[in-house]
Amino acid sequence: MKGPIALVDCNNFYCACERVFEPRLHGAPVAVLSNNDGCVIARSQEVKALGIAMGTPIHHLPRAAFRAGLVLRSSNYELYGDLSARVLSTLRAHAPLVEPYSIDESWLGFAGFDPAGLTDHCRALRHTVHRWTGLPVSIGIAPSRTLAKLANRYAKQYPVTGGVHQLGGLEDPATRALLERTPVGEVWGIAGRIAIRLQQMGVRSALELARADPRWIRSRFSVVIERTARELAGTPCTEMLDECESNRMIMTSRSFGQMIGDYREIQEALRAHASRGAERLRAQGSLTSAVMVMLQTNKHARHLPQHRDTVTIALPRPTDSSFEIVHAAQQGLARLWRRGYRYQKCGTRLLDLIERDHRQLGIFEPPQSDAGRQRSDALMATLDRLNRSHGRGTVTVGMQRREAAWQLRSDYRSNRWTTRWEEMPEVRLR
DNA sequence: TCTGGGGTCCTAGGACCC
DNA sequence: TCTGGGGTCCTAGGACCC
């Protein structure tokens, strides 16, 4: 099933989300901070114009930026996630095949469509997304994902495109011209080291990579880069997926609000991460067979003793029970933690995921344990329901305080306008 | 003083087996 | 002087992405 592919990408997504419910932020420089309010992870156009780089630590932000009216926001993933879902449902109403890619990007499959009419169709779609969600998007259309990515960037960069740009294959002169003036390091999938090696071998532009011999690329690099080269030449190398693929691993980790040495305190944080991981596991209908626990000190604090390590606990049988997963995580922590270190971050990874429906009974498992499992399933379903309807953290496994040293700092968080009753926007009539 | 979190895929190389 | 050869499986780590 081949056909044109479109990439829909929300412009400056996190900043745009902040503006949806606070219109006064339109035109103002808005920067969204990482977890713990550490550094800048998203910038509005105005912030980019101020010369503030991605990843700038909050304490390095220049005074001049604040004088220019810089508005800071803590990450508000509950809001971003909800708005992302709205964009997705809008897309699903207007495209035959939608494959979510990240919180702010989706691929659209247009197999069987006449490429000639697609630009207009996508302009209309872009307009609808904006009307229904308040979020501006750009759309790139091309025969392959790598080219669609390039088209998308062009659409974003040049307002004259009306936010939509379409590329063809190498036989199209306009496509060739764009590839020729695109440095190879700006191609999707080619970054830092590989870009340097390609340049040393004389491959400097996207066009040169598109025209390189795929077998040569494969022998010098890998199949990944070979695929990128083929895609640039207009041959799609991945299928569009009809349904959401499940994650193969679920990682949950956070830095602490401050460095922590106390075992009990870290244990509490880890319980929160393990529970959250288990919740996501159940949401995608999987079971895990192994829990990896990670614990690390602050690598930037060079004057302090360093310790970072991971340990993997194999579970007796695949499970999605918060209790079993938390228990395994705590076993892992007991092996990792050392007295006298001040830790900065801990987390869990749920590994070896399988689909819940494919669960097999263990050889040594007594058949009557089915009843116990059903009880556990019902309990987990109730726990998830309560946390969904009353907000995360309403029911927890073991103590997980809302105010604790391990909790994230988020001093500049906006309201969770669409997911919390008590934070809903108010309209006052007078 | 501060410097995020969550993913995927691929490859190299060791362990192990016949 | 050298001292099999091939295969599979698993894990760690690199590279990249958002």
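Chain A is the first sequence line, chain B the second, and so forth, proteins listed ahead of strands; every chain is numbered from 1. What you see is a predicted model; the values in this text were computed from it and never measured. All heavy atoms count here, side chains included; hydrogens, waters and symmetry mates do not.
Of the candidate nucleotides B/dC2, B/dC10, B/dT8, B/dC10 has the atom lying nearest to any side-chain atom of A/Ser222. Nearest to the side-chain atoms of A/His59 among the listed nucleotides C/dC18, B/dC2, B/dG4 stands B/dC2. Out of B/dC10, B/dT3, C/dC18, the shortest distance to the side chain of A/Asn298 is found at B/dT3. In the set C/dC18, B/dC10, B/dT3, B/dC10 carries the atom at the smallest distance from any side-chain atom of A/Val223. Considering only side-chain atoms of A/Ala191, the nucleotide from C/dC16, B/dT1, C/dC18 that sits closest is C/dC16. Distance from the side chain of A/Val224 is smallest to B/dC10 among B/dC10, B/dG4, C/dA15.
Along DNA chain B, the nucleotide nearest to A/Phe221 and the one nearest to A/Lys345 differ in position, and the one closer to the 5' end is contacted by A/Lys345. The 5' end of DNA chain B is approached more closely, in terms of each residue's nearest nucleotide, by A/Arg409 than by the other of A/Arg409 and A/Glu245.
The shortest distance between the side-chain N/O atoms of A/Arg227 and the OP1/OP2 oxygens of B/dC9 is not below 4.0 Å. When the side-chain nitrogen and oxygen atoms of A/Ser253 are compared with OP1 and OP2 of B/dG6, one or more of them lie within a distance under 4.0 Å. For A/Arg254, a side-chain nitrogen or oxygen approaches OP1 or OP2 of B/dG6 to under 4.0 Å. Phosphate contact (OP1/OP2 of C/dA15, side-chain N/O of A/Arg193, threshold under 4.0 Å): present. Put simply, A/Ser34 has no side-chain N or O that comes within less than 4.0 Å of OP1 or OP2 on B/dG5.
Contact detail for A/Leu353 and A/Met249: the closest heavy-atom pair is CD1-N, 3.7 Å. When every heavy atom of A/Phe110 is checked against every heavy atom of A/Leu108, the shortest pair comes out as CE1-CB, 3.7 Å.
A side-chain donor-acceptor contact under 3.5 Å links A/Asn152 to the backbone of A/Leu7. Put simply, the side chain of A/Asn36 never gets that close to the backbone of A/Leu408: no donor and acceptor are under 3.5 Å apart.
Residue-level contact check: A/Arg197 touches neither bases nor backbone, having no heavy atom under 4.0 Å from any strand. Across all strands shown, A/Lys299 has no heavy atoms under 4.0 Å from either base or sugar-phosphate atoms. Note on A/Asp104: only backbone sugar-phosphate atoms sit closer than 4.0 angstrom, heavy atoms only; bases stay farther off. If you check every strand for non-hydrogen atoms under 4.0 Å, A/Gly38 touches sugar and phosphate atoms only. Residue contacts for A/Ile250: at a heavy-atom cut-off of 4.0 Å it reaches the sugar-phosphate backbone alone, with no base atom in range. Residue contacts for A/Ile103: at a heavy-atom cut-off of 4.0 Å it reaches no nucleic acid atom on any strand shown. Among the heavy atoms of the strands lying under 4.0 Å from A/Asn247 are primed sugar atoms or P, OP1, OP2 only; no base atom is included. The residue A/Thr252 sits close only to the backbone: its heavy atoms come under 4.0 Å of sugar-phosphate atoms, none of a base.
Residues A/Asp82 and A/Thr418 bring a donor and an acceptor atom of their side chains to less than 3.5 Å of each other.
The environment of A/Arg401 atom CZ is dense: over 12 non-hydrogen atoms of other residues, nucleotides or ligands sit within 6.0 angstrom.
Here the P atom of nucleotide B/dC2 and the CG atom of A/Leu304 are 11 Å apart, to the nearest Å. A/Asn35 places its CG atom 5 Å from the P atom of B/dG5, with the value rounded to the nearest Å. If you take CG of A/Leu61 and P of B/dT1, they are 18 Å apart, rounded to a whole angstrom. Atom CD1 in A/Ile190 sits roughly 10 Å away from atom C1' in C/dC16 (whole-Å rounding). Spacing between atom CG of A/Asn36 and atom P of B/dT3 amounts to 7 Å, rounded to whole angstrom units. Rounding to whole angstrom units, NE2 of residue A/His300 and C1' of B/dT1 are separated by 12 Å. In this structure, CG of A/Asp309 is placed 13 Å from C1' of C/dA12, rounded to the nearest angstrom. Residue A/Glu226 contributes atom CD, which lies 19 Å from atom P of C/dA15 at whole-angstrom precision.
Residues A/Glu208 and A/Arg211 are not paired through a salt bridge, judged by the lack of any N-O separation under 4.0 Å between the basic side chain and the carboxylate.
B/dC2 and C/dC18: their P atoms are spaced 30 Å apart (whole Å).
When both distances must be under 3.5 Å, the Watson-Crick or G-U wobble mate of B/dC18 is C/dG5.
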